[in-house]
Amino acid sequence: MKAIKVFIDEKEQHKMLNLIEKFNGHDDIMATGTGQTDFVIATCGECGMAYVTAVLAGKLEGYTVETIK
């Protein structure tokens with residue numbers, strides 16, 4: 001299992017719910033909001049996390065990632 005916490009800029013806050021919904025549409029990915037500008041994503045393995053990383057890079061301009069596990 002891999003898990004990260006994503007912190008986004010306030011100006012991109014409106015994208016967070018769509019991203020969470022998109023990630024939760026996959027069987028091996030789980031995402032949940034933890035604050036107004038941050039959320040946690042967990043995947044079953046490296047492939048799922050690679051997908052998450054690619055989507056984040058494509059959809060968000062200003063964000064930081066903290067590795068949880």
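Small disclaimer: the values here were computed from a predicted structure and weren't measured.
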* What side chain to side chain donor-acceptor pair (under 3.5 Å) pairs are there with at least one residue in residues 8-20, not counting sequence neighbours? -> E12-K15
* Going only through I, L, V, M, F, W and Y residues with side-chain contacts under 4.5 Å, is there a path from V52 to M30? -> no
* To do: Please step through side-chain contact (heavy atoms from CB on, under 4.5 Å) for the pair V6 and I41, ending with a clear verdict.
  => CA-CA 8 Å; V6 180; I41 305 168; 4.0 Å; yes
* **side-chain contact (heavy atoms from CB on, under 4.5 Å) assessment of V65 paired with F7** => CA-CA 6 Å; V65 174; F7 301 90; over 6 Å; no
* Would you list the pairs meeting side chain to side chain donor-acceptor pair (under 3.5 Å) in which at least one residue belongs to residues 27-39, sequence neighbours left out? => T34-D38
* Side-chain heavy-atom pair V40, I68 within 4.5 angstrom cut-off -> yes
* To do: Please step through side-chain contact (heavy atoms from CB on, under 4.5 Å) for the pair I29 and N24, ending with a clear verdict.
  => CA-CA 6 Å; I29 301 172; N24 284 333; 5.6 Å; no
* Shared hydrophobic cluster, F39 / V55 (ILVMFWY, side-chain heavy atoms < 4.5 Å) -> yes
* **Cluster link I20 to M49, ILVMFWY, side chain under 4.5 Å** => yes
* Kindly indicate, with the supporting measurements, whether the criterion side-chain contact (heavy atoms from CB on, under 4.5 Å) is fulfilled by L19 and I8. => CA-CA 12 Å; L19 285 170; I8 60 174; 5.9 Å; no
* Within residues 39-63 or reaching into it, pairs that qualify as side chain to side chain donor-acceptor pair (under 3.5 Å) - sequence neighbours excluded -> K2-E46, H26-Y51
